[in-house]
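Here is the structure we will look at, set down as structure tokens.
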Amino acid sequence: MIDLNTLNPMQREAVASTEGPLLILAGAGSGKTRVLVHRIAYLIGEMNVAPWNILAITFTNKAAAEMRERVDRIVGQGAESVWVSTFHSMCVRILRRYIDNLGYGNSFSIYDTDDQKALMRQILKRLNIDPKKFREKSVLSEISAAKNAMIDEEQYMDDNGGSFPGKIFANCYMEYQKELKKNNALDFDDLLVKTVQLFEKYPQVLEYYQDRFRYIMVDEYQDTNTVQFRLIDLLAKRHRNLCVVGDDDQSIYGFRGADIRNILSFEKAFDGAKVIKLEQNYRSTKSILDAANEVIANNRGRKDKKLWTDNDQGDKVTFELYSNAYEEAEGIAKDVISRKAACQADYSDFAVLYRTNAQSRIVEEKFLQYNIPYRLVGGVNFYQRKEIKDVLAYLKTIANGLDDIAVQRIINVPKRGIGAASVGKIIEFSAANGMSFYRGLQSAQNIMSAGKALNGMKKFVEQIEDFRIRANEISIRDLIEAVLDETGLRDEIRAEGEVEAEARLENIDELENKAVSYANGTDHPTLDGFLEEVALVADIDSMDDSENRAVLMTLHSAKGLEFPYVYMSGMEDGLFPSGMAISDGDPSAIEEERRLCYVGITRAEKKLTLTAATQRMIHGQTMGETVSRFVEEIPENMIEVKDLSGGMSYGSRFGGGYGSERRRYDWEDSDGLPWETPSARGRSTGSGNGFGSRSGFGGGFGFGGGTGFGGAGSGSSSGFGSSYRGTAGLKSVSAAGAAKKGPGGIQKGSAMTKPDHLDYEAGDRVTHIKFGAGTVTAIKDEGRDYEVTVEFDRVGQKKMLAGFAKLKRTEQ
DNA sequence: CGCGACAGAGTTTTT
DNA sequence: CTCTGTCGCG
């Protein structure tokens, strides 16, 4: 029996409204997963619906796994027949069965972003398109947008073929789809598009699934795009038992084609739809919820609703302003430690959220320093690492011989003496004969003279064929081992040098572990199945909730999660909201950022801390920052402000001066004299700093003293990147230049390539010269050459080397 | 053909 | 700053 007494009246109604279209507007923390899980249980237990007639769609594998687990727990027997799946994996499952109808092979490859780029690069080259004017990335995003909007290549050509850039895009789109098909590959968008095409072209296939999925539930409906809408629409048409759950205030994937109108006009699209609102929040304190409501109230065109809670008032939301990103990160680290002790919390109760992945580095550094165990979600994807991609390319080649991108990736990895010229010959030959690259390799002896390259090709083909035979008999893990050993890949990695090789081999071990756990968790493990699981993982999927570690991730990744103590860092205009959103003429860009902010705020259960820095290094340059407008949208009485930035006053109601546009920071240097107020464009004369715009505050050189900013600036030339002299007579110099390996593991720097940055004078003591990954600790003048001692530190690789660098000084 | 050096460009969020 | 592509040399 399903116990609905633990649910509130609205939740209960949502659970019991099983027939017909239903829109559940579920605010953050209103227990929507709970409702969905109970609804599934109710369908099975009370309505006698067969479990295999139920489909629940989520956006990430993690969400799917979580739901699956909860359904299992509450339903018991039969629960495993419920389809709980992401859009993408559902589509793959369908396509593996039926895609041959569309002229693809059932062992198709799934192309990730890198594969797409590689393919597009080839196409641009072939079509003689200037890669400066049309970057593969922008062409691909144009194509992706078209696919998300359900515009196929022919339609696109009809619509845009007449205009100038349109025709180029159209040609690329055409060619791209042709190549994908030739390679028997689909990109992420294709997974959805091809499924829709399959359904539209083969009504009997559609009917099968319509009948199979009599009850359909879609989570995070506000993030669906047009293809996904179409897919759901098709599937639900027959039985019309479609329940979608979402929150228009949490729509944050517009850049991916998500169309907020799908949720806003659900009632129009599905006649007779019932709407239920869940507005009681069980997650956060009143303080947190109040702040969230205040911020989101600045958006227009929302569904009318207001979250409320019975929870305690709780601590006020805190805003902490630091003078730079290091202090910000340090402040967070210290706060984690003291709060953990004070509240007897676990590390896993803490989350640090940020707008961009690049922000994680500094936080990581400080957490390491303060011995806070953490888990980083996202960033450089495990599956994007070179060694992993190489191994996967072998597996793809073994599974799908038509995948040219995979074969070309590994044809000379490890080195087989097959260079670009030989590869070019094969490409030309195979294209002329309408065969795949791999087939071309098999016929290589017909077009190439005997030699190193030909031998390498022969051996490669032999090995692949051999692996193919064995692939059916041995485990995936063993297959990976065989590839590593027999191709010489492992030896080549080993030859790279200790530290590098160790890290790479560890990663490959990790991949093998994943292969083993895949095999253990599946009834009939296949190479295709493994590759597809690997292709469809999201960053967040790998997060293990049971680990006692703090979590670092982007705001996007945090959607759907909750933590007792949340830090939102980098609350600065230009960072969050992003500069792109600000400069975008369309105000809806800012609204999406605001929704993202709302998502972030509502992740917090007990305490929310917002942090910002008055200056931050971005792309190697120190930028002046202004406090995020979202912070300002929280009324004064709802937020506790701590200015830890060291003497700067800021902001209107936070006290202090106000800039002409929004707000401006002013501070004094150590002699007590105020800095000159700069123009909005940054400094034009002398020493002042001021913010006003992100392009403000010239100078890539951060600081004069040891800590923080605050050093004096004594007259400098105009413009950007001018010299800077700190109080202590020290200079901070930024220099670009590659480090070269010298004998005995000592690294030697090469001559400076950008001497214009070295405008110090003989006899100056110089600190903090950034030199590749190293830091200069001493400098000695030798005529016109400077000899500099450099410490190379690579935190990530636990590597510390000392060496010398010659810095050549040139006249300016 | 392979390697190293160098110049230039790009920097939001992700299934 | 960091990544990528290109170029020239051995």
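FYI, side chains are in, hydrogens and waters are out, and symmetry mates aren't considered; it's all heavy atoms of this structure. In what follows, chains carry the letters A, B, and so on, assigned in the order in which the sequence lines appear, proteins first and then strands, with residues in each chain numbered from 1.
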Which nucleotide in B:dT15, B:dT12, B:dT14 has an atom nearest any side-chain atom of A:Thr113: B:dT15
Just wondering, more than 12 heavy atoms not from A:Arg361 lying within 6.0 Å of its CZ? no
Strand contacts (DNA chain B) in residues 135-147 of chain A, 4.0 angstrom heavy-atom criterion: A:Arg135, A:Lys137
Quick one: salt bridge (charged side-chain N to carboxylate O under 4.0 Å, His left out) pairs with a partner in residues 244-253 of chain A, sequence neighbours left out? A:Asp247-A:Lys305, A:Asp248-A:Lys305, A:Asp249-A:Arg302, A:Asp249-A:Lys305
Nucleotide nearest A:Arg361 when distance is taken to its side chain, options C:dT2, B:dT13, B:dG2: C:dT2
Taken in chain and number order and not counting sequence neighbours, the residues that satisfy salt bridge (Lys or Arg N to Asp or Glu O under 4.0 Å) with A:Arg616 are A:Glu328, A:Glu572
Contact class for A:Phe87 vs. all strands (heavy atom < 4.0 Å): base, sugar-phosphate, or nothing? nothing
Rounded C1' spacing from C:dT4 to B:dT13 in Å: 23 Å
Any base atoms under 4.0 Å from A:Asp190, or only sugar-phosphate, or nothing? Heavy atoms, all strands. nothing
Is A:Ser89 touching bases, backbone alone, or none of the nucleic acid, heavy atoms closer than 4.0 Å? nothing
Value in whole Å for how far the C1' atom of B:dT13 lies from OH of A:Tyr598: 20 Å
A:Lys415 side chain: which of B:dG2, B:dT15, B:dT12 is closest? B:dG2
Side-chain contact check for A:His556: nearest option of B:dT15, B:dG2, B:dT13 is B:dT13
Sugar-phosphate, base or nothing in reach of A:Arg121, heavy atoms under 4.0 Å: sugar-phosphate
Which of these passes salt bridge (Lys or Arg N to Asp or Glu O under 4.0 Å) with A:Asp115: A:Arg409, A:Lys389, A:Arg121? A:Lys389
For a quick check, tell me whether the side chain of A:Arg355 and the base of B:dT13 share a donor-acceptor pair closer than 3.5 Å. yes
Please report the distance, rounded to the nearest Å, between CZ in A:Phe188 and P in B:dT14. 13 Å
Which residues pass the side-chain hydrogen bond (donor to acceptor under 3.5 Å, both in side chains) test with A:Thr224, sequence neighbours left out? A:Asn262
Any side-chain heavy atom of A:Ser628 within less than 4.5 Å of one from A:Phe630? yes
Rounded to whole Å, CG of A:Asp114 lies from C1' of C:dT4 at a distance of 12 Å
Check A:Arg355 with A:Glu593, please: is the shortest side-chain N to carboxylate O separation under 4.0 Å? yes
Over all strands shown, is A:Phe576 touching base, sugar-phosphate only, or nothing at heavy-atom distances under 4.0 angstrom? nothing
Sugar-phosphate, base or nothing in reach of A:Gly417, heavy atoms under 4.0 Å: sugar-phosphate
If you count heavy atoms of other groups shown closer than 6.0 angstrom to OH of A:Tyr326, is the number above 12? no
Within less than 4.0 Å of OP1 or OP2 of B:dT15, is there a side-chain N or O belonging to A:Asn225? no
d(CG, A:Leu552; C1', B:dT13) in whole Å: 17 Å
Would you call A:Glu428 and A:Lys425 a salt bridge, taking side-chain N to carboxylate O under 4.0 Å as the test? no
Could you give all pairs that pass the salt bridge (charged side-chain N to carboxylate O under 4.0 Å, His left out) test and reach residues 84-93 of chain A, with sequence neighbours left out? none
Partner of A:Val599 by side-chain contact (heavy atoms from CB on, under 4.5 Å), out of A:Lys559, A:His556, A:Arg594: A:Lys559
Check the distance between B:dT14's P and A:Gln222's CD and give it to me in whole angstrom. 16 Å
Contact class for A:Arg416 (heavy atom, under 4.0 Å): base, sugar-phosphate, or nothing? nothing
Is there a side-chain polar atom (N or O) of A:Ser578 under 4.0 Å from OP1 or OP2 of B:dT13? no
Rounded interatomic separation in angstrom, taking CG from A:Asp586 and C1' from B:dT12: 16 Å
Between atom NZ in A:Lys117 and atom C1' in C:dC3, what is the gap in whole Å? 10 Å
Looking only at B:dT14, B:dG2, B:dT12, the nucleotide nearest the A:Met580 side chain is B:dT12
Phosphate OP1/OP2 of B:dT14 contacted by A:Asn357 side-chain N/O (<4.0 Å): yes
Filtered N/O pairs between nucleotides 6-8 of chain C and protein, under 3.5 Å:
none

Using whole Å, what does the distance between atom P of nucleotide B:dT12 and atom CD of A:Glu572 come to? 16 Å
Residue closer to the 5' end of DNA chain B, A:Ser422 versus A:Ser557 (nearest nucleotide): A:Ser422
